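Here the structure is laid out as structure tokens; the discussion comes afterwards.
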Amino acid sequence: MAFPQPNAQRELANRKILEELQLKKQLLLKQGVASTLNASALPVLGSTPTQSTDGHSMNSLQRAALQTANTQSTGFFISQDSSFGNLILPSISGFEKPKVLLEQYVTPPHLGSHMLYTIQSQYGDLSGKLVADIGSGCGALSVGAAVLDAGLVVGFEIDSDALDIFSDNISDHELTNVDAIQCNVLKDIPIQYVKFGKVFDTVLMNPPFGTKHNAGIDMKFLDVALQLSNNAVYSLHKTSTRQHVIKHAESLGAKAEVLAELRYDLPSTYKFHKKSTVDIEVDFYRFLV
Amino acid sequence: MKLLTHNMLTSKCMKGVSVGYPLGINASDVRVSEVDFNPDFIARMIPKLDWAVLYNAAESIGQLEDLPKDLANNYENDQEFLKKVHHVLLEVDIINGELVCPETGRKFPINNGIPNMLLNEDEV
């Protein structure tokens with residue numbers, strides 16, 4: 001897609017960010033797809049706390065706090081100022097007026113970028129792949145996948161306002177390997193996946209987790225994702241629903257693997273939220289079709 | 001919207017539509033933007049394409065250039081051919097226009113590069 005040019009100042013800032021991204025990409029290339037995760041990447045449950053080998057600068061107090069958090073909890077904390085997070089998803093604009101009905105939350109950049117880094121470094125499922133991002137929102141995952149050299153990323157989103165921001169994010173990062181389709185993912189996804197087999201290699205999603213009113217909506221997203229992918233689906237689901245998610249995936253013939261347990265640090269998005277931030281425990285999944 | 005995306009789009013979710021493929025294109029604004037050339041990716045995409053649909057789509061918006069009407073033999077190693085396919089699949093971008101359902105004539109607007117495939121309740 002082509003979009004209106006950003007202003008000159010922004011362009012300069014973006015160029016700087018892109019230069020840094022290139023460095024990170026070279027690092028990825030050097031490490032190769034098969035290399036094991038180093039401590040700075042996303043550890044699986046029970047592994048040792050992070051070291052700051054990814055070069056981000058934390059003061060000793062922050063590091064101590066992070067290590068304490070890691071040792072005292074079964075969850076894994078990613079430091080908010082992780083330089084990797086800021087590198088891959090440097091400046092994504094979020095929802096201007098989030099809609100509670102669509103459960104619009106921005107994927108936190110540090111979390112999204114660790115997801116994407118793992119998907120590429122561990123499994124090589126982004127670079128040179130045809131990638132779908134369903135329920136893409138403002139495009140946090142789409143932008144990251146495009147930066148990591150996906151052949152083409154196609155975002156699927158119902159909401160016009162989110163798509164406007166999606167477009168701005170794509171043009172701000174001068175990405176040309178991204179497309180978007182406005183559609184209702186759960187009702188009328190306009191993709192033909194029967195005639196030529198499933199077309200997408202990798203499907204990414206950060207689905208609505210579901211509330212009292214629409215319980216199970218994330219499983220409906222999973223159904224669609226598994227129909228689109230010929231290889232792998234990466235997704236986030238609430239840890240409290242783990243047994244159900246694994247069973248559901250199995251009933252669809254897919255193999256579910258929990259790659260990591262994360263703390264989804266959800267900043268207060270809506271007026272009815274009483275606390276300023278809420279930690280939600282979520283699992284980062286890889287589903288093999 | 002790129003022609004790779006167009007190649008997999010259908011209107012078959014509409015009530016009374018059986019195939020809904022391929023969607024016609026009326027383009028009012030087409031741009032060409034440079035995309036990194038990844039020959040492996042293109043070679044992997046080709047077997048998934050409906051070649052005739054790609055050819056006709058490119059022709060209908062005046063972006064055919066010298067894309068061959070038939071798939072080349074041994075295209076995996078034909079860099080020149082893969083480059084042409086790359087250009088048509090990824091670099092040609094429909095910014096404004098509309099897609100047309102082949103069975104009902106229903107039009108889907110394309111604005112700012114994004115086709116709006118949302119259906120009204122009475123169309124599902």
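Every chain is numbered from 1 and lettered A, B, ... according to where its sequence line falls, protein lines coming before strand lines. Quick caveat: nothing in here was measured; it's all calculated off a predicted structure.
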Greatest number of heavy atom pairs closer than 4.5 Å to chain B - which of A:N184, A:N177, A:I158, A:L130: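 Greatest number of close heavy-atom pairs with chain B: A:L130.
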
Greatest number of heavy atom pairs closer than 4.5 Å to chain A - which of B:E34, B:M45, B:R44, B:M14: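 The residue among B:E34, B:M45, B:R44, B:M14 with the greatest pair count is B:R44.
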
Choice from B:L90, B:V124, B:D40 maximising heavy atom contacts with chain A below 4.5 Å: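 Heavy-atom pairs under 4.5 Å are most numerous for B:L90.
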
Gap separating the OG atom of A:S127 from the CD1 atom of A:I119, nearest 0.5 angstrom: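 The distance works out to 13.0 Å.
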
Aromatic plane relationship, B:F81 with B:Y75 - under 30° parallel, 30 to 60° tilted, over 60° perpendicular: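 Tilted: the ring planes of B:Y75 and B:F81 meet at 30° to 60°.
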
Salt-bridge contact B:K15-B:D122 (side-chain N to carboxylate O under 4.0 Å):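 Looking at B:K15 and B:D122, the cut-off is not met.
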
B:D78/B:K83 ion pair, N-O < 4.0 Å: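 Not counted as a salt bridge, because no side-chain N and carboxylate O are separated by less than 4.0 Å.
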
B:L119 versus chain A, the contacting section by heavy-atom distance below 4.5 Å: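 The answer is both parts of B:L119.
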
